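Chain letters run A, B, ... following the sequence lines, proteins first and then strands; every chain starts at 1. Computed from a predicted model, the values in this text were never measured in an experiment. Basis for what follows: all heavy atoms, side chains included, without hydrogens, waters or symmetry-related copies.
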Number of protein chains: 2
Amino acid sequence: MSVKTDHRHLYLQVIDRIKKDIEQGVYKEKEKLPSEFELAKQLGVSRATLREALRVLEEENVIIRRHGVGTFVSSRPMFTSGIEQLSSVTEMIRQAGRKPGTIFLSSSIQKPTEDDIKRFQCHKEEDLLVVERVRTANNEPVVYCIDKVPCKYLPKGIAYENESLLEILHDEANRYIAYAITHIEPLGYHEKVSPVLQCEPETALLVLKQMHFDENDEPILYSIDYFKSDKFSFHVLRKRV
Amino acid sequence: MSVKTDHRHLYLQVIDRIKKDIEQGVYKEKEKLPSEFELAKQLGVSRATLREALRVLEEENVIIRRHGVGTFVSSRPMFTSGIEQLSSVTEMIRQAGRKPGTIFLSSSIQKPTEDDIKRFQCHKEEDLLVVERVRTANNEPVVYCIDKVPCKYLPKGIAYENESLLEILHDEANRYIAYAITHIEPLGYHEKVSPVLQCEPETALLVLKQMHFDENDEPILYSIDYFKSDKFSFHVLRKRV
DNA sequence: CCCACCTTAGATATCAGACATCTGATGTTA
DNA sequence: TAACATCAGATGTCTGATATCTAAGGTGGG
């Protein structure tokens with residue numbers, strides 16, 4: 001029995017439980033789940049709660065429901081980990097089974113540009129911390145990162161040289177990044193970035209320009225990440241509307 | 001009053017109705033919606049059905065619900081039209097307010113490659129129709145498209161030169177593309193594609209390699225689209241998990 | 001006057017049980 | 001054999017109740 005009492009809403013726990021069961025093969029692809037009545041009894045929740053969870057799972061394309069027939073595991077249960085899931089570069093490298101590292105290039109306090117003022121909805125005289133780093137995987141440079149964050153969100157004198165900025169913001173500043181609006185651009189050659197990443201002439205870069213927000217929709221962090229295209233692969237599930 | 005009787009499930013109609021109301025400004029950003037009890041009464045559905053709809057809208061980041069407080073329109077109600085929404089190139093150009101056109105390059109029947117066999121889970125001797133086209137916006141070339149589709153999905157002797165392939169598949173072959181798994185890659189220069197799209201040397205390409213599926217998860221269409229990066233902008237909402 | 005505590009109204013979260021409707025399978029009959 | 005009728009079981013929807021959370025307002029002691 002777990003120590004941590006789960007204060008999260010029931011339907012969320014049900015979602016996680018079902019997802020876990022699918023991932024662990026309790027229910028296999030295309031397989032029929034128990035009936036709602038049965039499943040609700042098994043999980044110890046009401047049918048209404050279970051149905052809210054199933055509705056979300058259906059929307060996420062994890063299951064398929066057919067009126068009068070049953071509920072089935074989707075044939076391609078997408079826990080995607082596609083680009084629509086936001087994770088730090090550190091997490092991405094770690095998830096690829098490699099050792100993340102950081103080469104610290106520069107850090108300075110700057111006044112916001114016109115675009116920054118719009119992005120952060122901040123004052124003209126607001127101070128921004130601008131950090132430039134190269135992220136490495138197994139000591140090989142793979143991403144060039146520029147991060148901008150208003151100083152007011154950061155505690156004084158922290159060491160931002162060694163860790164994921166998202167983690168720092170969470171641990172030190174108690175700011176949890178909940179989502180980001182990301183623009184995706186290709187880049188053939190960048191006279192500053194490409195040499196640093198040791199790019200062959202034919203190796204293009206994928207640029208993600210990301211505005212990060214916290215749970216209260218406050219703009220916290222703006223980042224520009226240059227990914228070496230032969231080291232990262234991005235995919236996304238696109239749904240027709 | 002609309003003629004078409006809506007046979008779709010109630011909760012779906014409720015979702016659409018609420019989305020429409022938000023889009024049309026009936027409920028504004030950050031504004032509080034009526035209580036579930038009140039809203040259910042207004043819409044003429046039960047609270048349980050309304051709650052299923054609200055749960056989905058919450059998951060889609062259209063609304064925010066706070067226990068004991070109320071339901072609010074999200075501060076940035078994302079009907080994103082980001083990359084996670086699949087649309088044909090034709091639709092994309094049209095949505096940008098420009099006139100879509102097609103330059104037909106080639107069309108041939110080919111046997112599948114190793115990768116094609118995996119992708120389509122088809123037989124080695126299956127015939128594939130391969131079409132190469134350049135799509136134009138206001139007569140300016142903007143996308144280079146290669147499409148592969150098993151001949152068995154297409155009726156004989158159709159004119160695929162003028163229209164969206166997705167529309168043809170739907171109208172002529174009664175195959176509705178429901179989603180696609182898309183890989184995103186940058187490309188600096190392509191010796192065949194770049195000249196055709198009249199790319200300046202510094203203009204990179206964004207390549208989308210897409211496997212399209214229908215509602216029954218059958219692989220129908222594989223496409224490779226080369227987008228001129230200065231003519232298209234892609235974005236995506238990335239959520240933390 | 002202010003702050004800590006209590007109470008309460010109103011909202012969402014969850015529950016229990018019923019009925020409606022759809023689907024697939026089975027059986028029946030012309 | 002084919003069309004129809006029936007039925008079991010599943011999801012869809014409804015009703016009405018209770019539980020829990022939150023914000024706001026009241027209250028009393030300092």
Side-chain angles (χ1 to χ4, degrees), chain A residues 4-18 21-22 26-75 77 215-217, chain B residues 4-18 21-22 27-28 30-75 77 215-217:
Chain A
K4 75 160 181 205
T5 47
D6 204 334
H7 292 315
R8 296 153 58 234
H9 287 154
L10 246 186
Y11 82 98
L12 284 174
Q13 301 179 38
V14 172
I15 288 175
D16 289 348
R17 166 65 186 276
I18 295 177
D21 281 352
I22 293 177
V26 179
Y27 309 118
K28 302 190 186 62
E29 293 186 12
K30 292 254 190 188
E31 189 177 315
K32 189 168 173 300
L33 266 58
S35 74
E36 293 181 356
F37 189 84
E38 178 65 24
L39 198 48
K41 203 171 62 181
Q42 284 182 24
L43 298 176
V45 302
S46 72
R47 228 191 109 202
T49 299
L50 171 65
R51 281 180 58 79
E52 288 189 20
L54 292 178
R55 194 59 83 201
V56 172
L57 289 173
E58 183 186 29
E59 208 65 14
E60 288 181 354
N61 288 89
V62 175
I63 60 173
I64 295 174
R65 312 170 83 187
R66 294 174 53 202
H67 188 184
V69 184
T71 302
F72 303 83
V73 179
S74 171
S75 60
E215 309 99 316
N216 303 316
D217 301 310
Chain B
K4 78 162 180 205
T5 47
D6 205 334
H7 291 348
R8 296 152 58 232
H9 287 154
L10 245 187
Y11 82 98
L12 283 174
Q13 301 179 38
V14 172
I15 289 175
D16 289 348
R17 166 66 186 276
I18 295 177
D21 281 352
I22 293 177
Y27 308 118
K28 303 191 186 63
K30 293 255 190 186
E31 191 177 313
K32 189 168 173 300
L33 266 59
S35 75
E36 293 180 355
F37 188 86
E38 178 65 23
L39 199 48
K41 204 171 61 180
Q42 284 182 24
L43 299 176
V45 301
S46 74
R47 233 192 102 202
T49 299
L50 172 64
R51 280 180 59 78
E52 286 190 21
L54 291 178
R55 194 59 83 200
V56 171
L57 288 172
E58 183 187 30
E59 210 64 15
E60 288 181 354
N61 287 87
V62 175
I63 60 173
I64 295 173
R65 311 170 81 187
R66 294 175 54 202
H67 189 181
V69 183
T71 303
F72 304 82
V73 179
S74 170
S75 62
E215 308 98 315
N216 303 317
D217 301 310

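Non-hydrogen atoms lying under 4.0 Å from DNA chain C are contributed by R47(B), all within residues 38-49 of chain B.
Interatomic distance, CD1 of I15(A) versus CG of L54(A), reported as 9.0 Å (0.5 Å rounding). Between atom CD of residue E60(B) and atom CD of residue E60(A) there is a gap of 10.5 Å, rounded to the nearest 0.5 Å. To the nearest 0.5 Å, the span separating CD1 on I63(B) from CD1 on I18(B) amounts to 6.5 Å. Here the CG-OG distance, from L57(A) to S74(A), works out to 11.0 Å after rounding to the nearest 0.5 Å. Atom-to-atom distance recorded for L33(A):CG and L50(A):CG is 9.0 Å, nearest 0.5 angstrom.
The CZ atom of R8(A) sits 11 Å away from the P atom of dT14(C) (whole-angstrom rounding). Following rounding to the nearest Å, H9(A) (NE2) and dA11(C) (P) show an atom-to-atom distance of 17 Å. Spacing between atom OH of Y11(B) and atom C1' of dG12(D) amounts to 10 Å, rounded to whole angstrom units. Separating the CG atom of L12(B) from the P atom of dG12(D) is a distance of 10 Å, rounded to the nearest angstrom. The interatomic distance linking I63(B) (CD1) with dT12(C) (C1') rounds to 11 Å, in whole Å. Counting to the nearest Å, the P atom of dA18(C) and the CZ atom of R51(A) are 18 Å from each other. Atom P of nucleotide dA16(C) and atom CG of L10(A) are separated by 11 Å, given to the nearest angstrom. The nearest whole Å value for the distance from the CG atom in L54(B) to the P atom in dA11(C) is 14 Å.
Looking at the side chain of S35(B), the nearest of the listed nucleotides dA11(C), dA13(C), dT13(D) is dA11(C).
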Nucleotides 22-27 of chain C: which of its N/O atoms have a protein N/O under 3.5 Å away?
from, atom 1, to, atom 2, distance (Å)
dG24(C), OP1, R66(A), NH2, 2.8

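The shortest distance between the side-chain N/O atoms of T71(B) and the OP1/OP2 oxygens of dT12(C) is below 4.0 Å. The phosphate of dA11(C) has neither OP1 nor OP2 within less than 4.0 Å of any side-chain N or O from R65(B).
Listed for the Q13(A) side chain is a donor-acceptor partner under 3.5 Å among the backbone atoms of R8(A).
Within 6.0 Å of atom CZ in R65(B), more than 12 heavy atoms from other residues, nucleotides or ligands are found, so the atom counts as buried in its surroundings.
R55(A) pairs with exactly one of E59(A), E58(A), E52(A) by the side chain to side chain donor-acceptor pair (under 3.5 Å) rule, that one being E58(A).
Residues in residues 41-67 of chain A take part in these ring-ring contact (aromatic ring centres under 6.0 Å, His included) pairs, two or more places apart or across chains: H67(A)-H9(B).
Comparing E52(B) and G70(A) along DNA chain D, the residue whose closest nucleotide (by nearest heavy atom) sits nearer the 5' end is G70(A).
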